[in-house]
Chemist: 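Take a look at the following structure, please.
Each residue takes its place number in the sequence, starting with 1. Every heavy atom of this structure was used, including side-chain atoms; hydrogens, water molecules and symmetry mates were not.
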Amino acid sequence: MTRIAITGPESTGKSWLTAQLAAFYQVPFVPEYSREYLDQLGRPYTYPDILTIAQGQLKAEEELAAKSDAPLLFSDTDLLVTFIWCQVKYGKVHPWIMEKLKSHRYHHYLLCDIDLAWQPDPLREHPHRRKEIFALYVKALEHHGFPFTIVRGEGETRLMHAVTAVNESLIAGQHIHSERNGYENK
């Protein structure tokens, strides 16, 4: 199963893009766990809550992957989101998140650009730090060597940009798989 993470700062259309990609490819997707968790919390979140959210997101992804025979799985947010969230909010990151970020890789990351207008939401916190936070995403993706594409544009343009990136990733993955099979058969 090829796993694609939709990642990026707040209010960049991650949830919309994830649902649209899943519909386009007719495959399942993992919704953003933090929204469900925070809506039910009944109090302001704390540092330990971000660890619970990261674990819940990963658990939901693994459960869906285990019961699906689809060739693709899209995840609305990923461990990178919780990694940067911890950094920005608390200046530190849970060791579990750091360790899982290194070991739980996606085939490709779609980094949603900040080119969409900010949409107010009670769970969003940093409308004036978007450029800074976006730069943290780029830096982290590059630092970890994760394959990624920055997705830009509005509506259908954004979706088609993402589809092109997914298709290119799938083609590249097939090419790598073919090379590995050829190498192993020698």
Side-chain angles (χ1 to χ4, degrees), residues 3-19 21 29-65 73-152 158 161-162 165 169:
R3 296 184 192 203
I4 308 288
I6 291 69
T7 195
E10 301 170 314
S11 194
T12 55
K14 294 183 297 291
S15 296
W16 177 86
L17 184 59
T18 304
L21 284 166
F29 72 93
V30 182
E32 179 185 11
Y33 181 78
S34 66
R35 196 156 278 283
E36 174 188 331
Y37 179 85
L38 293 173
D39 281 344
Q40 296 176 6
L41 195 57
R43 61 170 169 77
Y45 73 87
T46 62
Y47 180 70
D49 289 318
I50 299 176
L51 175 60
T52 302
I53 289 165
Q55 292 168 336
Q57 183 75 33
L58 192 56
K59 180 181 178 200
E61 181 182 324
E62 293 306 322
E63 287 174 354
L64 186 56
L73 179 66
F74 293 100
S75 186
D76 177 2
T77 74
D78 63 306
L79 294 170
L80 185 60
V81 171
T82 54
F83 174 82
I84 291 174
W85 186 2
C86 280
Q87 276 185 328
V88 169
K89 181 75 174 182
Y90 296 103
K92 59 184 178 177
V93 180
H94 290 279
W96 185 92
I97 294 173
M98 290 183 356
E99 192 57 41
K100 287 294 182 181
L101 184 62
K102 293 176 193 172
S103 65
H104 184 76
R105 291 187 174 240
Y106 295 87
H107 293 89
H108 202 79
Y109 292 75
L110 298 176
L111 173 57
C112 294
D113 199 354
I114 56 172
D115 59 343
L116 299 179
W118 176 267
Q119 298 297 317
D121 180 307
L123 298 179
R124 295 181 179 148
E125 301 176 313
H126 304 290
H128 304 295
R129 296 179 69 187
R130 296 178 86 196
K131 285 183 182 180
E132 169 196 349
I133 294 171
F134 182 79
L136 291 174
Y137 276 89
V138 172
K139 182 179 177 182
L141 286 161
E142 290 174 345
H143 171 78
H144 290 286
F146 296 158
F148 72 99
T149 302
I150 298 172
V151 179
R152 296 182 172 99
R158 197 175 197 88
H161 190 186
S169 177

Chemist: For C112 versus P9, what's the shortest heavy-atom pair and its separation?
Modeler: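 Closest pair (atom of C112, atom of P9, distance): O-CD, 3.8 Å.
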Chemist: So which pairs with a foot in residues 130-147 pass side chain to side chain donor-acceptor pair (under 3.5 Å), sequence neighbours left out?
Modeler: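 Pairs touching residues 130-147 that pass the test: R129-E132.
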Chemist: K89: which residues meet the side-chain contact (heavy atoms from CB on, under 4.5 Å) condition with it, sequence neighbours left out?
Modeler: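 In terms of side-chain contact (heavy atoms from CB on, under 4.5 Å), with neighbours along the sequence ignored, K89 is linked to Y45, W85, E125.
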Chemist: Kindly write out the residues that satisfy salt bridge (charged side-chain N to carboxylate O under 4.0 Å, His left out) with E36, not counting sequence neighbours, or none if the list is empty.
Modeler: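 Expected list: none.
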Chemist: Give the minimum heavy-atom separation between D49 and P44, together with the two atoms involved.
Modeler: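 So the minimum-distance heavy-atom pair works out to OD2-O, 4.3 Å.
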Chemist: Identify which one of L111, L110, I114 satisfies the side chain to side chain contact (heavy atoms under 4.5 Å, CB included) criterion when paired with I150.
Modeler: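 That would be L111; it is the only one of L111, L110, I114 passing the side chain to side chain contact (heavy atoms under 4.5 Å, CB included) with I150.
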Chemist: Quick one: side chain to side chain donor-acceptor pair (under 3.5 Å) partners of S34, sequence neighbours excluded?
Modeler: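 S34: side chain to side chain donor-acceptor pair (under 3.5 Å) contacts with E32.
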Chemist: Taking the side chain as every heavy atom from C-beta outward, state whether V138 and L141 have any pair of such atoms under 4.5 Å apart.
Modeler: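 The answer is no, as the side chains (C-beta and beyond) never meet within the 4.5 Å cut-off.
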Chemist: Would you call the rings of Y47 and Y90 parallel, tilted or perpendicular, taking 30° and 60° as the class edges?
Modeler: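 Ring orientation of Y47 relative to Y90: perpendicular.
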Chemist: Only counting residues at least two apart or in another chain, list the ones meeting side-chain contact (heavy atoms from CB on, under 4.5 Å) with E62.
Modeler: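 Testing E62 for side-chain contact (heavy atoms from CB on, under 4.5 Å), a comparison that skips the adjacent residues, returns R3, L58, H104.
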Chemist: Just verifying a value: how many Å separate T149 OG1 and H108 NE2, rounded to the nearest 0.5 Å?
Modeler: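 The OG1 atom of T149 sits 2.5 Å away from the NE2 atom of H108.
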Chemist: Please tabulate, for the side chains in residues 77-84, all donor-acceptor contacts under 3.5 angstrom to protein atoms that are two or more places apart in sequence or on a different chain.
Modeler:
from	atom 1	to	atom 2	distance (Å)
T77	OG1	Q57	OE1	3.4
D78	OD1	T7	OG1	2.8
D78	OD2	L80	N	3.1
T82	OG1	L79	O	2.8

Chemist: Once rounded to the nearest 0.5 Å, what's the spacing between atom CD1 of I4 and atom OG of S75?
Modeler: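 If I round to the nearest 0.5 Å, the distance is 10.5 Å.
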Chemist: Indicate yes or no: does D113 engage R152 in a salt bridge with an N to O separation below 4.0 Å.
Modeler: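 Looking at D113 and R152, the cut-off is met.
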Chemist: The criterion is ring pair (Phe, Tyr, Trp, His ring centres under 6.0 Å); which residues satisfy it with Y109, sequence neighbours excluded?
Modeler: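 Residues passing ring pair (Phe, Tyr, Trp, His ring centres under 6.0 Å) with Y109: Y106, F146.
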Chemist: Just how far is it from atom CD of E61 to atom CG of D76, taken to the nearest 0.5 Å?
Modeler: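 Between atom CD of E61 and atom CG of D76 there are 11.0 Å.
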Chemist: Roughly how far, to the nearest 0.5 Å, is the CD atom of Q87 from the CD1 atom of I133?
Modeler: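 Reported value, rounded in 0.5 Å steps: 10.5 Å.
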Chemist: Check the pair S11, L116 against side-chain contact (heavy atoms from CB on, under 4.5 Å), reporting the backbone distance first and the verdict last.
Modeler: CA-CA 8 Å; S11 194; L116 299 179; over 6 Å; no
Chemist: Go through the structure and list residues passing ring pair (Phe, Tyr, Trp, His ring centres under 6.0 Å) with H161, not counting sequence neighbours.
Modeler: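 None.
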Chemist: Might you point out which heavy atoms bring A162 and L21 nearest each other, and give the distance in Å?
Modeler: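 Shortest heavy-atom contact: CB-CD2, 4.0 Å.
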Chemist: With sequence neighbours excluded, tell me which residues meet side-chain contact (heavy atoms from CB on, under 4.5 Å) with A135.
Modeler: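 Not a single residue meets the side-chain contact (heavy atoms from CB on, under 4.5 Å) criterion with A135.
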Chemist: May I have all residue pairs that pass salt bridge (Lys or Arg N to Asp or Glu O under 4.0 Å) and include part of residues 98-108, sequence neighbours excluded?
Modeler: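 Not a single pair qualifies under salt bridge (Lys or Arg N to Asp or Glu O under 4.0 Å).
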Chemist: Write down the atom of L73, the atom of A65, and the distance for their closest heavy-atom approach.
Modeler: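 Closest heavy-atom pair between L73 and A65: CD2-CB, 4.0 Å.
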Chemist: Kindly say whether G8 contributes a backbone atom to a donor-acceptor pair with the side chain of K14 at under 3.5 angstrom?
Modeler: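 Between the backbone of G8 and the side chain of K14 there is a qualifying donor-acceptor contact (under 3.5 Å).
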Chemist: Not counting sequence neighbours, which residues clear side-chain contact (heavy atoms from CB on, under 4.5 Å) with T52? List them please.
Modeler: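 With sequence neighbours excluded, T52 shows a side-chain contact (heavy atoms from CB on, under 4.5 Å) to Y37, given in chain and number order.
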